[in-house]
Amino acid sequence: MSTNDKTLTSSGFYVSQEAPIHADHPIPTPSAPAPDILRCAYMELVVTDLQRSRAFYVDVLGLTVTEEDEDTVHLRSLEEFIHHNLVLRKGPVAAVAAFSYRVRTPEDLDKAVAFYTELGCRVERRAEGFTTGIGDSVRVEDPLGFPYEFFHDVDHVERLAWRYDLYTPGALVRLDHFNQVTPDVPRATKFMQDLGFRVTEDIQDEAGTVYAAWMRRKPTVHDTAMTGGDGPRMHHVAFSTHEKHNILAICDKLGALRMSDRIERGPGRHGVSNAFYLYLRDPDGHRVEIYTQDYYTGDPDNPVVTWDVHDNQRRDWWGNPVVPSWYTEASLVLDLDGTPQKVVARTDASEMAVTIGADGFSYTRPEEGEASMPEWKQGEYKLGHQL
């Protein structure tokens, strides 16, 4: 990790004006302009037991049903005014059918078609949309193997922000971001930059290996992140709460329902993004993050934050270990025919191997190395100790 043009902060990470990420095998930049993406808007999840999944997302997490039938449930968070943020569709294999983004104008759909067609990607457009409540839409199999959707026209529904009679202690108010697993993070990052995304944070080591990168269109830390691993797969979809106490209420509710085994990791506070977090697994194993209190990134000179992969506070600001499943397990993604995409192995070093593997180490103060951690905490990140 080169320190050129970067400044080490008192908080322990480097900042720079441009993302210090270089792709050795970049996807060619199209000559066609990219569509103007506003924000991540919804995810279409395929689930194997629709009623069981509905109970988890509606009865436990409190999402609102906009519309449903025997095969599909359309859900939204309390502050949303478009038709849905999450679609649950019954199917034979649990997977992600679409990472969906809203674009600024209807003409941006023409740009999406031209952009991806120039790259040789499979592109499909439906004037009537692919899901209820969404109009003219473009779906693509992107060069990284992910199913993306772009749309502008949408049915408006009641924004429930003022319906405090509907709020629960763990109220989910917004869809915040996606997180994708891909073998080559620099390649994925460069492609997303071509699509108009800006990097806000990343994790690297001294050799320049990139383990993850966070990228945004709306002025928050991210609309999506690229996490290094076998892929293409979906790591998680994230919903926001207003405050961290809402996340604690969700934990209490899961405990009261004897569903604490749905909690995979947390609650805690991230170093990356500075957000308070909780990771859950739904009935099919799809990972859902509950997320709050990150920071504004909308200025053009917003600094990029780079974390050392061995900093034990990067993933959890309090230094709590990451469970191995969080690094290794993720959801399949589908092509436009509904067939799971082939998963390609990551060849670069894995974050788990260099931080909690048998020979890995982490530290709090880099100048002291692992010795900066108390004796009783050393080795906490090693896989054998965790098991």
Side-chain angles (χ1 to χ4, degrees), residues 1-6 14 16-35 37 96 99 101 111-123 140-148 150 178-217 222-235 272 304-309 327-328 330-336 340-355:
M1 179 172 56
S2 171
T3 58
N4 293 339
D5 302 319
K6 294 190 293 188
Y14 287 92
S16 60
Q17 279 305 300
E18 297 296 332
I21 298 174
H22 170 76
D24 291 329
H25 306 288
I27 296 163
T29 302
S31 60
I37 296 169
V96 176
F99 299 81
Y101 288 90
K111 292 181 179 180
V113 170
F115 183 88
Y116 284 96
T117 298
E118 184 176 338
L119 288 168
C121 297
R122 182 178 174 185
V123 179
V140 305
E141 295 173 13
D142 85 353
L144 305 170
F146 293 100
Y148 267 33
F150 304 95
F178 308 136
N179 189 304
Q180 303 166 238
V181 184
T182 188
D184 189 334
V185 175
R187 185 171 187 263
T189 301
K190 168 62 167 58
F191 175 69
M192 297 301 287
Q193 289 173 315
D194 287 345
L195 195 54
F197 285 74
R198 295 194 66 181
V199 176
T200 57
E201 303 201 25
D202 64 84
I203 296 175
Q204 299 190 34
D205 63 18
E206 291 182 353
T209 302
V210 183
Y211 296 87
W214 285 256
M215 290 162 282
R216 62 92 177 171
R217 287 295 299 173
H222 56 320
D223 286 273
T224 197
M226 293 293 174
T227 295
D230 301 346
R233 293 183 296 164
M234 186 275 286
H235 192 273
V272 174
V304 177
V305 173
T306 295
W307 294 82
D308 185 337
V309 72
Y327 283 119
T328 61
S331 298
L332 296 172
V333 301
L334 303 178
D335 63 19
L336 297 188
Q341 290 278 31
K342 180 181 178 182
V343 175
V344 177
R346 176 175 168 89
T347 56
D348 288 337
S350 74
E351 187 174 347
M352 186 179 81
V354 302
T355 55

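Only this structure's heavy atoms are used, side chains among them; waters, hydrogens and symmetry mates stay out.
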For [X] and [Y], work out which heavy atoms get closest and say how close.
X: V113; Y: T117; value: O-OG1, 2.5 Å
X: P28; Y: L119; value: O-CD2, 3.3 Å
X: V343; Y: P232; value: CG2-O, 4.4 Å
X: V181; Y: G228; value: CG1-C, 4.4 Å
X: T227; Y: A212; value: CA-CB, 4.2 Å

Legend entry - Polar side chain donor-acceptor pair, T224 to Q180, under 3.5 angstrom: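 Per modelled atom types, T224 and Q180 side chains form a pair under 3.5 Å.
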
Legend entry - Verdict with reasoning, F191 to D142, per side-chain contact (heavy atoms from CB on, under 4.5 Å): CA-CA 10 Å; F191 175 69; D142 85 353; 4.0 Å; yes

Any donor-acceptor pair under 3.5 Å linking the side chain of [X] with the backbone of [Y]?
X: S350; Y: A353; result: yes
X: T209; Y: D205; result: no
X: E141; Y: L336; result: yes
X: E201; Y: V305; result: no
X: E118; Y: S31; result: yes
X: D223; Y: R217; result: yes

Inset, instruction - Show your working on side-chain contact (heavy atoms from CB on, under 4.5 Å) between Q341 and L332 and close with a plain yes or no. - result: CA-CA 7 Å; Q341 290 278 31; L332 296 172; over 6 Å; no

If we only count heavy atoms from C-beta on, is the [X] to [Y] side-chain gap below 4.5 Å?
X: V309; Y: Q204; answer: no
X: Q193; Y: V199; answer: yes
X: P20; Y: D202; answer: yes
X: L195; Y: Y116; answer: yes
X: V96; Y: F178; answer: no
X: V304; Y: K6; answer: no
X: D24; Y: H22; answer: yes
X: P147; Y: F99; answer: yes

Legend entry - Worked check of side-chain contact (heavy atoms from CB on, under 4.5 Å) between I203 and W214: CA-CA 9 Å; I203 296 175; W214 285 256; 3.7 Å; yes

Hey, could you give me the [atom1]/[atom2] distance between [X] and [Y], rounded to the nearest 0.5 Å?
X: D335; Y: F146; atom1: CG; atom2: CZ; result: 13.5 Å
X: R216; Y: I37; atom1: CZ; atom2: CD1; result: 12.5 Å
X: I21; Y: T306; atom1: CD1; atom2: OG1; result: 7.0 Å
X: L334; Y: M234; atom1: CG; atom2: CE; result: 11.0 Å
X: D194; Y: T29; atom1: CG; atom2: OG1; result: 3.5 Å
X: D184; Y: M226; atom1: CG; atom2: CE; result: 11.0 Å

Legend entry - Within 6.0 angstrom of Q17 CD, more than 12 heavy atoms from elsewhere: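 Atom CD in Q17 is packed in, count exceeds 12.
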
Inset, instruction - Evaluate the criterion side-chain contact (heavy atoms from CB on, under 4.5 Å) for residue pair W307 and Y211; output intermediate values, then yes/no. - result: CA-CA 10 Å; W307 294 82; Y211 296 87; over 6 Å; no

Legend entry - Partners meeting ring-ring contact (aromatic ring centres under 6.0 Å, His included) with F197 (sequence neighbours left out):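 F197 satisfies ring-ring contact (aromatic ring centres under 6.0 Å, His included) with Y101 once adjacent residues are dropped.
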
Inset, instruction - Sequence neighbours left out, what pairs pass salt bridge (charged side-chain N to carboxylate O under 4.0 Å, His left out) with at least one residue falling in residues 343-352? - result: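 Output for this query lists R314-E351, R315-E351.
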
